[in-house]
Amino acid sequence: MSVQLDSYLQGSWKAGEGDPRSLINPTTEATVATIRSVTRSLADAVAYGRETGGKSLRAMSFAERGAMLKGMAKALHEAREELIDIAIQNGGNTRGDAKFDIDGGISVLSHYAYLAKELGKDSKGNDKPWLIEDEPVEVYRGSKIRAEHILLPRHGLAVHINAFNFPAWGMMGKAAVALLAGMPVLCKPATSTAWLAHRMVQILVDAGLVPEGAFQLLMGSAGDLLDHLGPQDVVAFTGSQAVGLQIKTHANVIARGVRVNLEADSLNSVVIGPDVEEGTELFDLVIRDLAVEMTQKAGQKCTATRRVFVPEGAVDSIKEALFDRLDQIKIGDPSDKANRMGPLTSKRQLEDARAGVKTLSADAEILRGNPERSEGFAGVEAGTGYFLEPIVLLGKPDKVADPQAAFHQHEVFAPVSTLLPYDGELATAAKLIAMGNGSLVTTVYTDDRKWLAQAVAEMGPYLGRIVVANEKHAGASMAPGCVFPVANHGGPGRAGGGAELGGVHGMSLYMQRVAVQGGASQLARLLGK
Ligand code: NAP
C-alpha cells in the first residue's frame, strides 16, 4: 500500500501540484509513498510562519517553549514502534539504525527541553525574552558606561532543508533548537526518505502541541522558497556540498543577507597512535568503532569514518581484526532483527557509491568487498534492493601524502573506508588530516598524553569535534559518529563551515546578538540582574 504525503502549510494539509514522485522501499524496490511538490508560490507560507508562528512563539517564555519540546518528545516516543517500522520500510534501516535516528531526534528535543528550565530568567526568577551572554564590561578603562551582549529571537522563519539519511534526527535536531530560541520552522525533508518526517509532523499536528504556524512541512522540491526569504530569516541546510553551494550563492539569499548554516560533506578520520598495541582494550575499541562507523546506517552517516590513518607497522593487524569483525555483520533484509546492516536508501545512492569506489580505486586498492555484488543478502531476492557490502581500501603508498588523491577529495556515502599507512609521526598525521579540507569529526586513539595534546592543537582547527580515546576510558567510549546535543556539530571548509547543537551555543544561529551599551546601574536594572 502506498500513501500520499502532503505538505503542511499555513495551518492545513495541502496536496502539491507537481508530478508524483515515488518513495521506494530499498530492500524490495516497492513503492511505499508518493509526493507531489508544491509548484505554486511559497511566499504566503513564509509570511504565515514569520507572522503567525513567530508571534506565538515569542509570546511564550523559554520555559514554556521547553515544555512544548518536552511534549513533542513524549508524543513521538509514544509512536516509536510505528516510526521504527516506517524507517525500516522507507529508509532501509535496521531496527538499530531506526532507533539511532528516531531516539536521536527525541533526545535532542528532551535535551533542549531540559536546558530551557534555566534560560531567560532574571535574578528574581522573572521570565525575560532574551538570553544574556556575558557580564557587563567597561567600554574603556575607568568608564561608567558598560557593554553587555544579549541574544534575541530573530523575527523571521527558520527554513530547514535536510538530507536523506537522518529524516528524524535531522528534522528534530534543528527544530528543537530553533523553536526554543523562539523561531518558527519550515522543514523540507529530503524526498527519498520523507515518509518518516511526514509521519512525525502528523503526530505533532494531531497532538496540537505546537502553536499555529510554528511548524510547517514542505514535501518534495523547495520550489521558490529561497526567493521569499529576507534578513531576519535563517536557512539551515544539511546535504551535499554542491547543493549547499547553490543555496549559499542564491541571488536573493546574498542580496537580502539571509543567514545560512551549511552542514555538508566530510572526510572524517581516525588516527591510530603509534603506541596502540594488539591485545589491548584500546586496540579492540579501534576495531569496534571502525566496524560501527562503516556499517551503522550502511555507512550513510555524515560523521562516518572515511579515512583511517594506521601506523605502517600496524596495517596487517588492523586489517585482519577489522575484516574478522566485518565478517560477523550479517547483511540483509533490515526488517529481520538478525540482520545488522541493510541496503543503501536509494538506487541513486547505490550508483553514486559504486562510482565513488571506482574513483577511490584510482589511488587505492580494494582489500575487501565487491562493489558489484548483488546477491547473497539474507532474506532478499537476488538482484533486488540497493545493497552494498562493506568495502575496505588501502591507499597506494605514493598517494597517501598527495592532497589530490581521491580519498582526500571524495566522500563515498556508503560502507566504504580507506586505510592510509603513515609513519606514526604526529606532524605527518596532522598534515594528512588537513588534506580533507575540514571535517566534522576525527578520533585519536593513544595513551601518549604529549602526543595527544599536540594532536588536538594541530588537528583541531580542521575539525568540528575531536574524540580522544585511551585505554583507561576504552570501556566507556562511544563510537565517534554519535552526535550528542551537548557537543558542537559542524566543521570548517568542505564540511560547510557550519555549527549546530552544542547546547545553548546552537541557539545563537536563530538569535540576534545585540550589544546593549549604557550606564552600569541602568544595564543592571534593564537586564534584571
Ligand atoms: P542533497 O542531494 O544535497 O540534498 C539535501 C537536501 O537539499 C534535500 O532535502 C534536497 O531535496 C534538497 N535540495 C536539492 N536541491 C535543492 C535546491 N536547489 N534548493 C534547495 N534544496 C535543494 O544531499 P542528500 O543526498 O540528501 O544527502 C547526502 C549528503 O548529505 C552527503 O554528502 C552527506 O555528507 C551530507 N550530510 C551531511 C551532514 C552533516 O551534518 N554535515 C549530515 C547528513 C548528510 P530533494 O531530496 O527533494 O532533492
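Starting from 1, each residue takes its place in the sequence as its number. Note that the structure is a prediction, hence the values are computed from the model and not measured. Indexing begins at 1, ligand by ligand and atom by atom, following the structure's order.
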Student: Looking at Ala298, is its backbone amide N or carbonyl O close enough to the side chain of Thr295 to form a donor-acceptor pair, meaning the two atoms are under 3.5 Å apart?
Tutor: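 No; zero donor-acceptor contacts below 3.5 Å.
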Student: Does ligand 1 have a heavy atom under 4.0 Å from the side chain of Leu226, from its backbone, from both, or from neither?
Tutor: neither
Student: State whether any protein heavy atom lies less than 4.0 Å from atom 48 (O) of ligand 1.
Tutor: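 So atom 48 (O) of ligand 1 lacks protein heavy-atom neighbours under 4.0 Å.
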Student: Check if Lys301 has a non-hydrogen atom at a distance under 4.0 Å from any atom of ligand 1.
Tutor: no
Student: Under the criterion side-chain contact (heavy atoms from CB on, under 4.5 Å), which of Thr303, Thr442, Leu440 is the partner of Arg465?
Tutor: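 Only match with Arg465 under side-chain contact (heavy atoms from CB on, under 4.5 Å): Thr303.
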Student: To the nearest 0.5 angstrom, please state how far the CG atom of Leu109 sits from the CG atom of Leu76.
Tutor: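 With rounding to 0.5 Å, CG (Leu109) is 6.5 Å from CG (Leu76).
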Student: Indicate, as side chain, backbone, both or neither, the part of Arg348 found under 4.0 angstrom from ligand 1 when only non-hydrogen atoms are considered.
Tutor: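 Contact part for Arg348 vs ligand 1: side chain (C-beta onward).
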Student: Compare Asp265, Ile35, Asn162 and give the one whose heavy atom is closest to atom 6 (C) of ligand 1.
Tutor: Asn162
Student: Would you indicate which of Gly223, Ala242, Gly498, Cys302 comes nearest to atom 37 (C) of ligand 1 when only heavy atoms are counted?
Tutor: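 Looking at heavy atoms only, the winner is Cys302.
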Student: Could you tell me whether Arg36 and Asp6 make a salt bridge, using a distance below 4.0 angstrom between a side-chain N and a carboxylate O?
Tutor: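 Asp6 and Arg36: not salt-bridged.
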Student: Which one holds for Gln246 and ligand 1: side chain close, backbone close, both close, or neither close, with close meaning a heavy atom under 4.0 Å?
Tutor: side chain
Student: Take every heavy atom of Ala264, measure it against each atom of ligand 1, and state whether any distance is under 4.0 Å.
Tutor: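 Contact check Ala264 vs ligand 1: positive.
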Student: Please determine if Lys248 forms a cation-pi arrangement with Phe237, meaning its NZ or CZ atom is less than 6.0 Å from the six-membered ring centre and no more than 45° off the ring axis.
Tutor: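 No, cation not above the ring by the 6.0 Å, 45° rule.
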Student: Quick check on contacts: which atoms of ligand 1 are under 4.0 angstrom from a heavy atom of Ala163?
Tutor: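 In order of number, 26 (O), 27 (O), 30 (O), 43 (C), 44 (C).
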Student: Note the single closest protein heavy atom to atom 34 (O) of ligand 1, along with its residue, its atom name and the distance in Å.
Tutor: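 Atom 34 (O) of ligand 1 sits closest to the protein heavy atom Glu411 OE2, 2.8 Å.
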Student: Students should be able to answer this: which protein heavy-atom is nearest to atom 23 (O) of ligand 1, and at what distance?
Tutor: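 Nearest neighbour among protein heavy atoms for atom 23 (O) of ligand 1, to 0.1 Å: Ser240 N, 3.4 Å.
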Student: Asn93 side chain to Ile88 main-chain N or O, any donor-acceptor pair under 3.5 Å?
Tutor: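 It does not hold such a pair.
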Student: Looking at atom 1 (P) of ligand 1, is any protein heavy atom nearer than 4.0 Å to it?
Tutor: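 So atom 1 (P) of ligand 1 has protein heavy-atom neighbours under 4.0 Å.
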Student: Could you tell me if any non-hydrogen atom of Pro189 lies under 4.0 Å from any atom of ligand 1?
Tutor: yes
Student: Indicate yes or no: does Glu293 engage Lys301 in a salt bridge with an N to O separation below 4.0 Å.
Tutor: yes
Student: Suppose we measure from atom 11 (O) of ligand 1 to each protein heavy atom; which comes out shortest, and what is that distance?
Tutor: Lys188 NZ, 3.0 Å
Student: Quiz question: by atom type and distance under 3.5 Å, do the side chains of Tyr48 and Gln216 form a donor-acceptor pair?
Tutor: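 No, no side-chain donor-acceptor contact under 3.5 Å.
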Student: Do the charged groups of Asp103 and Arg80 touch, with an N to O distance under 4.0 Å?
Tutor: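 Arg80 and Asp103: salt-bridged.
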Student: With backbone taken as N, CA, C and O and side chain as the heavy atoms from C-beta onward, which portion of Ala222 lies under 4.0 Å from ligand 1: side chain, backbone, both, or neither?
Tutor: side chain
Student: Could you work out, for atom 5 (C) of ligand 1, the closest of Val243, Ile161, Leu245, Thr238 by heavy-atom distance?
Tutor: Thr238
Student: For atom 33 (C) of ligand 1, what is the nearest protein heavy atom, given as residue, atom name and distance?
Tutor: Phe413 CE1, 3.3 Å
Student: Any chance the side chains of Asp85 and Gln89 put a donor and an acceptor closer than 3.5 Å?
Tutor: yes
Student: Applying ring-ring contact (aromatic ring centres under 6.0 Å, His included) as the test, list every pair that has at least one member in residues 345-373; sequence neighbours left out.
Tutor: none
Student: For Asn165, take its heavy atoms, then give the atoms of ligand 1 lying under 4.0 Å from any of them.
Tutor: 43 (C), 44 (C)
Student: Report the member of Phe164, Phe166, Trp169, Phe237 with the shortest heavy-atom distance to atom 7 (O) of ligand 1.
Tutor: Phe237
Student: With sequence neighbours left out, write down each residue that passes ring-ring contact (aromatic ring centres under 6.0 Å, His included) with Phe164, or none if nothing qualifies.
Tutor: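 So Phe164 forms a ring-ring contact (aromatic ring centres under 6.0 Å, His included) with Phe413.
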Student: Among all the protein's non-hydrogen atoms, which is closest to atom 46 (O) of ligand 1, and how far away is it?
Tutor: Thr191 N, 2.9 Å
Student: List the closest protein heavy-atom neighbour of atom 35 (C) of ligand 1: residue, atom name, distance to the nearest 0.1 Å.
Tutor: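 Heavy-atom neighbour on the protein nearest atom 35 (C) of ligand 1: Gly239 O, 3.3 Å.
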Student: Establish, from distance only, whether the side-chain atoms of His408 and Asn437 form a donor-acceptor pair under 3.5 Å.
Tutor: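 Looking only at side-chain atoms, Asn437 and His408 do not form any donor-acceptor pair under 3.5 Å.
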Student: Do me a favour and list the nearest non-hydrogen protein atom to atom 40 (O) of ligand 1 with residue, atom name and distance?
Tutor: His489 NE2, 2.7 Å
